[in-house]
Amino acid sequence: MIYFDNSATTMPYPEALRTYQEVSTKIFGNPSSLHQLGTSATRILEASRKQVADLIGKSADEIFFTSGGTEGDNWVIKGVAFEKEPYGKHIIVSDIEHPAVKESAKWLSEHGFEVSYIPVNAQGFVDVEALAGLLRPDTILVSVMAVNNEIGSIQPIQEISALLANEPTISFHVDAVQAIGKIPVSAYLTDRVDFATFSGHKFHAVRGVGFVYKKAGKKITPFLTGSGQEKDLRST
Ligand SMILES: Cc1ncc(COP(=O)(O)O)c(C=O)c1O
């Protein structure tokens with residue numbers, strides 16, 4: 001069989017499966033445990049965080065592990081909205097976002113927030129001028145994907161970053177699930193991007209892992225609460 005559906009999911013690399021099996025059998029301690037197996041698990045976890053951070057040219061402190069893209073998108077859209085609610089209730093997403101973003105925005109619109117949608121042109125590219133016209137003093141979040149999951153259009157994240165350079169109070173989220181490993185990181189993770197979502201199964205990892213990039217100092221309300229893992233922002 002020749003598999004041509006790598007945008008839907010990828011085959012896990014043998015080395016990823018081998019590592020998963022080895023760590024799960026030999027270093028299965030809970031990273032929160034104080035005994036040796038726990039501290040060994042913490043070391044592996046933090047080494048993985050550093051590896052992921054290096055991959056996108058960011059600091060390990062800015063990486064938060066999740067279960068994948070759907071969770072990451074839900075967390076950022078809702079978590080930023082809740083966090084910044086006192087400053088405004090207007091959020092903007094593009095018309096061609098993945099349902100993980102669009103449905104999160106729709107959910108917020110049913111719970112007291114106002115959502116505007118940025119139109120795209122006939123080729124599927126976000127209209128940056130239209131975005132400029134949608135910005136308001138109460139806008140708290142803009143979310144635009146890096147690469148569309150259905151037609152592959154690479155969105156003008158650098159142009160949007162330039163537009164938002166003058167809007168420091170607006171959080172900028174990029175769903176980078178379809179971008180990582182396919183286009184240069186600089187094309188979608190500019191210095192202006194505050195949050196970005198990634199999913200492991202789109203680039204040959206085992207299922208059920210992903211991560212969110214959160215720029216140092218940016219605030220977000222936790223989505224999963226519990227025992228305080230991931231710096232109290234994403235309990236497991
Ligand atoms: C652009 C985009 N965002 C989010 C997701 C959701 O990711 P996951 O399958 O890890 O939940 C996908 C998956 O198809 C996607 O293509």
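Read the numbers this way: they start at 1 and go in the same order the structure lists the ligands and their atoms. Along the sequence shown, residues carry numbers from 1.
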Could you check [atom] against the protein and tell me its nearest heavy-atom contact, residue, atom and distance included?
atom: atom 7 (O) of ligand 1; answer: Gly69 CA, 3.3 Å
atom: atom 14 (O) of ligand 1; answer: Lys202 NZ, 2.5 Å
atom: atom 11 (O) of ligand 1; answer: Thr70 OG1, 2.6 Å
atom: atom 15 (C) of ligand 1; answer: His98 CD2, 3.2 Å
atom: atom 16 (O) of ligand 1; answer: Gln178 NE2, 2.8 Å

What class does the angle between the rings of Trp107 and Phe82 fall in, given that below 30° is parallel, 30 to 60° is tilted and above 60° is perpendicular?
perpendicular
Between Phe64 and Trp75, how do the two ring planes meet: parallel, tilted or perpendicular, split at 30° and 60°?
perpendicular
Pair Asn148, Ser153: side-chain N/O donor-acceptor within cut-off below 3.5 Å:
no
With only distance considered, is [X] within less than 3.5 Å of ligand 1 through an N or O on each side?
X: Asp175; answer: yes
X: Ala100; answer: no
X: Asn149; answer: no

Looking at [X] and [Y], would you say the former's side chain and the latter's main chain have a donor-acceptor pair under 3.5 Å?
X: Thr9; Y: His201; result: yes
X: Ser33; Y: His35; result: no
X: Glu62; Y: Gly217; result: no
X: Ser199; Y: Gly68; result: no
X: Lys84; Y: Gly88; result: no
X: Ser235; Y: Gly228; result: yes

Mark up the atoms of ligand 1 that fall under 4.0 Å of a heavy atom belonging to [X], in ascending order.
X: Gly68; result: 10 (O)
X: Ser199; result: 8 (P), 10 (O)
X: Asp73; result: 3 (N), 4 (C)
X: His201; result: 8 (P), 9 (O), 10 (O)
X: Met145; result: 1 (C)

